[in-house]
Engineer: 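Handing you this structure, nothing more for now.
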Amino acid sequence: MFKAGYISLVGKPNVGKSTLMNTLLKEKVSSVTPKPQTTRHQILGILNLPDVQAIFIDTPGLMARQKDKLDERMVGKARSAIMDSDISLLMVEPYEKEIISDFFKRENTILAINKIDKISKPDLLPLIEYYNNLDLFLKIIPISAKKGINCDSLLFEIISLLPLHPPFYDTDILSTHPERFFVEEIIKEKIFLCYGDEIPYDTAVVVEEFKEREDGKDYIRAIIYVNRTSQKGILIGKKGEALKRIGERARKEIEAFHNKPVYLELIVKEKRDWRKKDKILNEFGY
Ligand code: GDP
Ligand code: MG
């Protein structure tokens, strides 16, 4: 009597989708930063329990307005994740009134009101009432993904809705992405954390080489692509100080994840208007 299925995590940028996935999986699979659009890919996170396999798809945020080709691709990915999943988990922040509901089916959509640690108890009931009156959701569950409040009840509801099915993946894996994907995500996260709005948005990270070495540190070379020449200088900083700081932070986390010391080389290159060019987006794997 095994249960298995796909759950898409959907919602506006910054509502806490990646945080929830990490909380449910008890591991850091998805990057979390205070800035929107940290997540550009679909990230598969797999929760294996004795007779359940819950496969979470963390999606890039659903944006109402799409400014360029990368934005369009990201919304396309979120939409296809909803279509392909057994359960849609829509996340909102407490006072979000404008719900993007176009692609959801009431029968299999759970609404999670996240960040309830930020509101007072008496405000919660009317809020649930408001969303309930929209009649769009099968279940409404208030949670705090960051503090872990009510996440167990949410997981219980998810499991009860999963269909009977044998596992889709080996029951000992946490994700299907290769290690170099996580290395790219870690570097990108550090860039998001270290710079203002423009640089992270215009940056893409590609691991060009990942060499395991028996007799020393593993070697990783990653290219950080920027949109304009001026951004190159900002990223590198005076005497390379800024880039060094990113490299150090990223390396520590990569080593913890990889369980082995690594030599991380970061190279900054310019690819003009990469967010607008299909050919380059394909190359970068978006
Ligand atoms: P995503 O864009 O939807 O994947 O959002 P993230 O998971 O990257 O989170 C965006 C920001 O919201 C981060 O700064 C998180 O720490 C914060 N956050 C996530 N969940 C909660 C929560 O339950 N309470 C509070 N106060 N902050 C949260
Ligand atoms: Mg995210």
Engineer: If you define the side chain from C-beta out and look only at heavy atoms, does anything of K17 sit under 4.5 Å from V15?
Structural biologist: yes
Engineer: Which heavy atom of L25 sits nearest to which heavy atom of I46, and what is that distance?
Structural biologist: CD2-N, 3.6 Å
Engineer: Hey, could you give me the CD1/OG distance between I199 and S230, rounded to the nearest 0.5 Å?
Structural biologist: 7.0 Å
Engineer: Given the rule in the side chain to side chain contact (heavy atoms under 4.5 Å, CB included) test, do L264 and E248 qualify, once you have shown the distances and angles that lead to the verdict?
Structural biologist: CA-CA 9 Å; L264 176 66; E248 273 165 11; over 6 Å; no
Engineer: With a 4.0 Å cut-off, would you call R73 and D278 a salt bridge?
Structural biologist: yes
Engineer: Minimum heavy-atom separation for A4 to P167, with atom names?
Structural biologist: CB-CA, 4.1 Å
Engineer: Could you check whether atom NZ of K277 has more than 12 heavy atoms from other residues, nucleotides or ligands sitting under 6.0 Å from it?
Structural biologist: yes
Engineer: Starting at OG1 of T109, measure out to CG of L111 and round the result to the nearest 0.5 Å.
Structural biologist: 9.5 Å
Engineer: Let's go through E185 and E253 carefully: what are the C-alpha distance in whole Å and the side-chain angles of both, what is the deciding distance for side chain to side chain contact (heavy atoms under 4.5 Å, CB included) to 0.1 Å, and is it a yes or a no?
Structural biologist: CA-CA 11 Å; E185 289 288 310; E253 199 169 317; over 6 Å; no
Engineer: Check this for me, if you would: do E255 and R251 make a salt bridge, where the nitrogen-to-carboxylate-oxygen distance has to be below 4.0 angstrom?
Structural biologist: yes
Engineer: Can you get from Y95 to I140 by hopping between Ile, Leu, Val, Met, Phe, Trp and Tyr side chains that sit under 4.5 Å apart?
Structural biologist: yes
Engineer: Do K12 and V92 have side-chain heavy atoms sitting under 4.5 Å apart?
Structural biologist: no
Engineer: Are K217 and V262 close enough that some pair of their side-chain heavy atoms sits under 4.5 Å apart?
Structural biologist: no
Engineer: Has E241 got a side-chain atom pairing as donor or acceptor with G237's backbone, closer than 3.5 angstrom?
Structural biologist: no
Engineer: Could you see if L124 belongs to whatever hydrophobic cluster contains L90? Use Ile, Leu, Val, Met, Phe, Trp, Tyr and a side-chain cutoff under 4.5 Å.
Structural biologist: yes
Engineer: Are L162 and V52 close enough that some pair of their side-chain heavy atoms sits under 4.5 Å apart?
Structural biologist: yes
Engineer: Give me the atom names and distance for the closest heavy-atom approach of T203 to K188.
Structural biologist: O-CD, 4.5 Å
Engineer: Is it true that a side-chain atom of T19 and a backbone atom of K146 form a donor plus acceptor pair closer than 3.5 Å?
Structural biologist: no
Engineer: Taking atom CZ of F192 and atom OH of Y201, what is their separation to the nearest 0.5 Å?
Structural biologist: 9.5 Å
Engineer: Is F156 reachable from I149 through a run of hydrophobic residues whose side-chain heavy atoms are each under 4.5 Å from the next?
Structural biologist: no
Engineer: I need the minimum non-hydrogen distance between D71 and R275, along with the two atoms involved.
Structural biologist: OD1-NH2, 3.0 Å
Engineer: D51 side chain to F2 main-chain N or O, any donor-acceptor pair under 3.5 Å?
Structural biologist: no
Engineer: About how many Å separate CG of L193 and CZ of R245, when rounded to the nearest 0.5 Å?
Structural biologist: 11.0 Å
Engineer: Any ion pair linking E270 and K232 (charged N to carboxylate O, less than 4.0 Å)?
Structural biologist: no
Engineer: Using the side chain to side chain contact (heavy atoms under 4.5 Å, CB included) rule, take V10 and F104 through it: C-alpha gap first, then chi angles, then the decisive distance, then the call.
Structural biologist: CA-CA 10 Å; V10 202; F104 298 101; 4.1 Å; yes
Engineer: Which heavy atom of A112 sits nearest a heavy atom of I143, and at what distance?
Structural biologist: CB-CD1, 4.1 Å
Engineer: If you count the non-hydrogen atoms of other residues, nucleotides and ligands that lie under 6.0 Å from NZ in K260, is the total more than 12?
Structural biologist: yes
Engineer: Side chains of I220 and E265: does their closest heavy-atom pair fall under 4.5 Å?
Structural biologist: no
Engineer: Is D152 atom CG crowded by more than 12 heavy atoms from other residues, nucleotides or ligands, each under 6.0 Å away?
Structural biologist: no
Engineer: Does the side chain of H165 reach to within under 4.5 Å of the side chain of K3, using non-hydrogen atoms?
Structural biologist: no
Engineer: Going through the checks in order, is the side chain to side chain contact (heavy atoms under 4.5 Å, CB included) test met by V206 and E184?
Structural biologist: CA-CA 6 Å; V206 177; E184 290 168 0; 4.3 Å; yes
Engineer: Nearest 0.5 angstrom please: I187 CD1 to I254 CD1, how far?
Structural biologist: 4.5 Å
Engineer: According to a 4.5 Å side-chain heavy-atom criterion applied to Ile, Leu, Val, Met, Phe, Trp and Tyr, with indirect links allowed, do L49 and L161 form part of one hydrophobic cluster?
Structural biologist: yes
Engineer: Using modelled atom types and a 3.5 Å cut-off, is there a donor and acceptor pairing between side-chain atoms of N114 and backbone atoms of M91?
Structural biologist: no
Engineer: Here's a test for you: under side chain to side chain contact (heavy atoms under 4.5 Å, CB included), which of L155, L89, I110 qualifies with I7?
Structural biologist: L89
Engineer: Are W274 and L70 close enough that some pair of their side-chain heavy atoms sits under 4.5 Å apart?
Structural biologist: yes
Engineer: Look at the rings of F257 and F182 and say which category their plane angle falls in: under 30° parallel, 30 to 60° tilted, over 60° perpendicular.
Structural biologist: tilted
Engineer: Can you spot which of E214, E208, E209 makes a salt bridge (charged side-chain N to carboxylate O under 4.0 Å, His left out) with K211?
Structural biologist: E209
Engineer: Look at the side chain of K269 and the backbone N and O of I223, then say whether any donor-acceptor pair between them is shorter than 3.5 Å.
Structural biologist: no
Engineer: Let me confirm one number: the CZ-CE distance from F56 to M21, rounded to the nearest 0.5 Å.
Structural biologist: 8.5 Å
Engineer: Would you say the side chain of I224 lies within less than 4.5 Å of the side chain of I267, judging by non-hydrogen atoms?
Structural biologist: no
Engineer: Do other residues, nucleotides or ligands put more than 12 heavy atoms under 6.0 Å from R249 CZ?
Structural biologist: no
Engineer: For the residue pair Y131 and E96, what are the closest heavy atoms and their distance?
Structural biologist: OH-O, 2.5 Å
Engineer: According to a hydrophobic-cluster definition based on side-chain heavy atoms being under 4.5 Å apart (Ile, Leu, Val, Met, Phe, Trp, Tyr only), do Y130 and I119 belong together?
Structural biologist: yes
